[in-house]
Amino acid sequence: MDELVLKEQIVDEAAMSRRAFLRGTGLLLGFALTGASTESVFAAPASRVVENEVTGTFAPNGFIRINPTGAVILVIPMIEMGQGVYTSLSMLLAEELEVNLDQIQVQHAPANHALYVNSIIGIQNTGGSASVRAFWTPLRQAGAVGRHLLIAAAAKRWNVDPATCRAKDGVVFDASGSKHLTYGALAKAAAKLPMPPTANVKLKDRKDFNLIGTRAKRVDSAIKVDGRALYGIDTRLPDMKVAAVAISPVLGGKAKTVDEKAALAVKGVRQVVNIDEAVAVVADHMGAANKGLQAAAITWDHGPNVKVSNADIVKQLEEESKKPGAVARNVGDVGKALAEATQRVEAIYQVPFLAHAAMEPMNCTVHLQKDRCDIWVGTQAPTITQSQVAELTGLPKDAIKIHNHLIGGGFGRRLEADGTVLAVKIAKHVDGPVKVIWSREEDIQHDMYRPYYLDRLSAGLDAAGKPVAWTHRIAGSSVMARYYPPYVKDGLDPDAVEAAAEPPYALPNIHVDFVRVEPPGVRTSWWRGVGPTHNVFVVESFLDELAHAAKQDPVAYRKGLLGHNPRVLAVLSLAAEKAGWGSPLPARHGRGISVQFAYGSYTSQVAEVEVASDGSVKVKRIVCAIDCGMYVNPDTIEAQVQGGTLFGLTAALHGSITFKDGRVEQSNFDSYLPMRIDEVPAVETHLIESIEAPGGIGEASTSIVSAAVANAIFAATGRRLRSLPFDTDSLK
Amino acid sequence: MAFTLKINGTPHEVDVDGDTPLLWVLRDVLGMTGTKFGCGQALCGACTVHVDGAMTRSCITTVDSVGESEITTIEAIAQTPQGAALQKAWLELEVVQCGYCQSGQIMSAAALLKYTPKPTDDDIDAAMSGNVCRCGTYQRIRAAIKHAAGV
Ligand code: FES
Ligand code: FES
């Protein structure tokens, strides 16, 4: 993309957000996420400095904008959806740029693969707990380049050796400290300097970090406690209409009858748009749109998927999982080892479809014009969204402007562009901008679900109880095959087997394979924790079964298999110690442990539960030990451990999407139950200090918790629950 | 129909059907987007406002039921002592994640503290269990309410 287009995009973003904001609450922004820049800002490919005398803005790379008024704007490549990425990535930049977090403004990055790609994912996507891992070095380098140029500009003006100058809090000082210039005063001159060779730009030593590793305050908190924060759903534009939408309840169905007249009779309703797969009622406000949609009394032709049911989906998985799949790992001779084993253990595990149910329901605002299409949405995948809209409208990609927003919970849902695509299809029939908002019921019933998986496992133990053979077959949908086919080779979906193909234990003979089974009439996608959320539950529960079969303590048994894996061993030992593993508990109370290596981080959790005589499970305490290498902000890590744990725990206790007659049976928070404050256990985090490369944190607790709780339930009751959500009736 | 709503101390004239939920009048007609839509069925608390000081789910409150009552939204809750104390505690304890539920959380907590200045854990459970947070900030919400209340 050329600079001009990008420049326009960022300016648009700023202007739009500012206008939207001013029409909104009428308050002033103390801290601005977008829109605070009054200057044109623009970006250059990281390898070049663009001449920018017109505005005087210093923009040495895609991430830093300093204009002569002194505003320091950081363009953050990954989107903020609660995980704290605007703070952590700002800390990486600010550390090297030598600015304070209270001096900066943060701006959403536009869609631009070249500037903002996540190098781990290969797309400008926010996901996979990969933001800090991918940007740990590039953002520090970008900050250091900025600092280097600003110091050089000051040194040039003072006619001194740059090596004698230093920068602090957005000001450059000379050797004596008597002369100083602010970054704003230097912006124009710095913008004219040639880019330094990377070798000349030294990154700070870890011991000199002022910000990285501290409990720096979140940059987005203030606007989130008084209603100022703008999410996609808060978009307001001149002459904008809002639309309520009803999507065919069965995938592939079409609207049969629509009482358009009745809908239009509702005060405030402007238009009814029927695009077969969905019907939208366009109105002045959502109250009218919803009422109009009711009045339209839509009936549907359900199409070919009307018979889809969970029972059939599970039956299909049971059958298909009897056949061999794509081999993820094959070490030693499992057949021989099984035959020779003293003891054999077999099990089938199952996990359900899950909805994301983020608090901000799906929504998207579109203004489609002859030569451009503006999209206001919170997306984890701006470039994918841009491409899909380009394809749908026939417009060139550069004409698709993605105005990204804070997301009211992503959890993987906003990696998909389906909500935007639907909104654009509706917008094709609407003059002027239209904001499409899904009801909670539409959001839950037309999600793209975490796949249902069925796993078959077997293991052989030797006389000492050690596992000499391990087989694991995973059957389910492949999200990767649809989302990113190049990553799937010979039928093997690396996500579907992540944390199953390589359990951390010494397993001399192991065979793991994957059978792809696509359920009809169901769309599947990424869900917080991705592959490991399913696999760690299965592997860590089954490992516990083996410990039981070997008549050994679950912690001691694991330790015996982890001698080669010191970082796993360390988190396991720490979690067990902090949880008081082994100390006595009352009847029907139990502790369970699980460990994982995923997203580049090592995690262990101990859950403590109480199972009442009616079978209900109360999770009383979760102790989490984590080694995520070098870390940016321990407070964010604790927040992510708390939140991630509850996200996984909610699913383990309550989460299940089921299909009947082609429809999703759940619809709102009374049938797809969220965890509430009165149910929440205390979650403790114990962080291991490390100088290893940074690991991911956003999903680590989500994927590990259900096994710890399942193992604790077993310890409390002797009942092994192999399916999620937990069937508490079986615990009576 | 025309209604005059008293919101954050200022009268606002709106012309909508009487059965229009207050939530959409605030958000779409008056442009006050701090109050959030989450479920539309009084199941999540994202839309919580105060009507004459009482915690109210604006998604199921029709505009014709409000009458002369004083409506307070997140945009003005800082003007109450409870609101100001809670916002400060929210910042000190870094409660927010995505933030989407937090307008509603603070509004519910402000109503709690107004009538129960020194809440117990049970009081907090009772007052706050109607507010869903999918990011799982509950532990910090509880701590921040106690912090604001000085208990
Ligand atoms: S939107 Fe009103 S309670 Fe959920
Ligand atoms: S902070 Fe995200 S839903 Fe509560």
Side-chain angles (χ1 to χ4, degrees), chain A residues 23-25 27 81-84 217-218 220-231 233-234 236 242 266-268 284-288 290-291 357-361 406-411 437 439-440 635 639 642-647 650 668-670 674-678 680 682-683, chain B residues 1 15-17 19-21 23-25 27-29 31-41 43-44 46 63 73-75 77-78 83 86-88 90-91 94-104 106 122 124-126 128-142:
Chain A
R23 265 194 320 279
T25 60
L27 299 173
M81 47 191 177
Q83 80 280 42
K217 288 289 183 187
R218 285 183 74 114
D220 57 345
S221 280
I223 57 168
K224 288 178 172 176
V225 299
D226 59 11
R228 281 178 299 158
L230 292 178
Y231 303 83
I233 202 168
D234 300 322
R236 295 173 56 77
V242 296
V266 172
K267 180 182 166 84
D284 295 339
H285 58 84
M286 273 310 277
N290 285 333
K291 198 171 166 186
M359 283 310 296
E360 181 192 6
L406 294 172
I407 307 182
F411 317 126
I437 301 178
S439 67
R440 174 57 60 192
D635 192 65
Q642 291 170 359
T645 297
L646 296 194
F647 202 78
T650 302
N668 205 321
F669 290 129
D670 50 355
M675 192 166 235
R676 294 174 184 271
I677 196 166
D678 53 356
V680 167
V683 179
Chain B
M1 246 190 91
D15 182 16
V16 294
D17 277 353
D19 60 358
T20 305
L23 170 67
W24 300 115
V25 172
R27 288 183 53 82
D28 289 355
V29 181
M32 301 170 71
T33 54
T35 304
K36 298 302 189 213
F37 165 60
C39 71
Q41 303 284 346
L43 296 167
C44 80
V63 73
T73 69
I74 186 70
E75 284 90 354
I77 200 65
L86 286 161
Q87 286 175 333
K88 192 160 160 275
W90 246 243
L91 295 178
E94 290 283 45
V95 173
V96 311
Q97 291 191 25
C98 86
Y100 193 81
C101 73
Q102 300 295 347
S103 295
I106 289 172
D122 286 348
I124 293 174
D125 282 349
M128 301 301 294
S129 60
N131 286 79
V132 174
C133 174
R134 284 287 282 158
C135 296
T137 63
Y138 298 119
Q139 196 166 332
R140 292 189 181 191
I141 287 173
R142 183 185 300 280

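Chain A is the first sequence line, chain B the second, and so forth, proteins listed ahead of strands; every chain is numbered from 1.
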Handout entry: Toward chain B, the part of Phe669(A) with a non-hydrogen atom under 4.5 Å
Key = both
Practice task
Let me know if Ile106(B) has heavy atoms under 4.5 Å from chain A in its side chain, its backbone, both or neither.
Solution key: side chain
Exercise for the section: Select one option (side chain, backbone, both, neither) describing which atoms of Thr650(A) are under 4.5 Å from chain B's heavy atoms. Expected result: side chain
Handout entry: Interface moiety of Ile677(A) toward chain B, non-hydrogen atoms closer than 4.5 Å
Key = both
Practice task
Just give me the residue among Gly268(A), Ala639(A), Gly409(A) that pairs up with chain B most often, heavy atom to heavy atom, under 4.5 Å.
Solution key: Ala639(A)
Exercise for the section: Against chain A, label Ala46(B) side chain, backbone, both or neither, depending on which of its atoms sit under 4.5 Å from a heavy atom there. Expected result: side chain
Practice task
Would you indicate whether the side-chain heavy atoms of Tyr100(B) and Ile407(A) approach each other to under 4.5 Å?
Solution key: no
Completion exercise
Interface check, chain B: of Ala288(A), Ala357(A), Gly410(A), most non-hydrogen pairs under 4.5 Å belong to Ala357(A)
Problem - side chain to side chain contact (heavy atoms under 4.5 Å, CB included) against Lys267(A), all qualifying residues, sequence neighbours excluded - result: Asp15(B), Asp17(B)
Handout entry: Counterpart residues, side chain to side chain donor-acceptor pair (under 3.5 Å), relative to Thr137(B) (two or more places apart)
Key = Gln102(B)
Handout entry: Segment of Ile233(A) engaging chain B (4.5 angstrom heavy-atom cut-off)
Key = both
Handout entry: Choice from Gln87(B), Met128(B), Glu94(B), Arg27(B) maximising heavy atom contacts with chain A below 4.5 Å
Key = Glu94(B)
Fill in the blank from the handout: Here the gap from Cys135(B) atom SG to Met359(A) atom CE, rounded to the nearest 0.5 Å, amounts to 9.0 Å
Practice task
Kindly compute the distance separating OG1 (Thr645(A)) from CE (Met675(A)), expressed to the nearest 0.5 Å.
Solution key: 10.0 Å
Completion exercise
Cut-off 4.5 Å, heavy atoms of chain B, and the answer for Met81(A) is backbone
Exercise for the section: Pick out which of Leu23(B), Val25(B), Val29(B) makes a side chain to side chain contact (heavy atoms under 4.5 Å, CB included) with His285(A). Expected result: Val29(B)
Exercise for the section: Please flag which part of Val16(B) lies under 4.5 Å from any non-hydrogen atom of chain A: side chain, backbone, both or neither. Expected result: both
Exercise for the section: Identify which part of Ser129(B) has an atom lying under 4.5 Å from any heavy atom of chain A, answering side chain, backbone, both or neither. Expected result: both
Practice task
Determine whether Ile77(B) and Leu86(B) make a side-chain contact, defined as any pair of heavy atoms from C-beta on separated by less than 4.5 Å.
Solution key: no
Exercise for the section: Please test Lys36(B) against Asp234(A) for salt bridge (charged side-chain N to carboxylate O under 4.0 Å, His left out), starting from the C-alpha separation and ending with a verdict. Expected result: CA-CA 9 Å; Lys36(B) 298 302 189 213; Asp234(A) 300 322; 2.6 Å; yes
Exercise for the section: Report the option among Val132(B), Thr20(B), Ile141(B) that has the most heavy-atom pairs separated by less than 4.5 Å from atoms of chain A. Expected result: Val132(B)
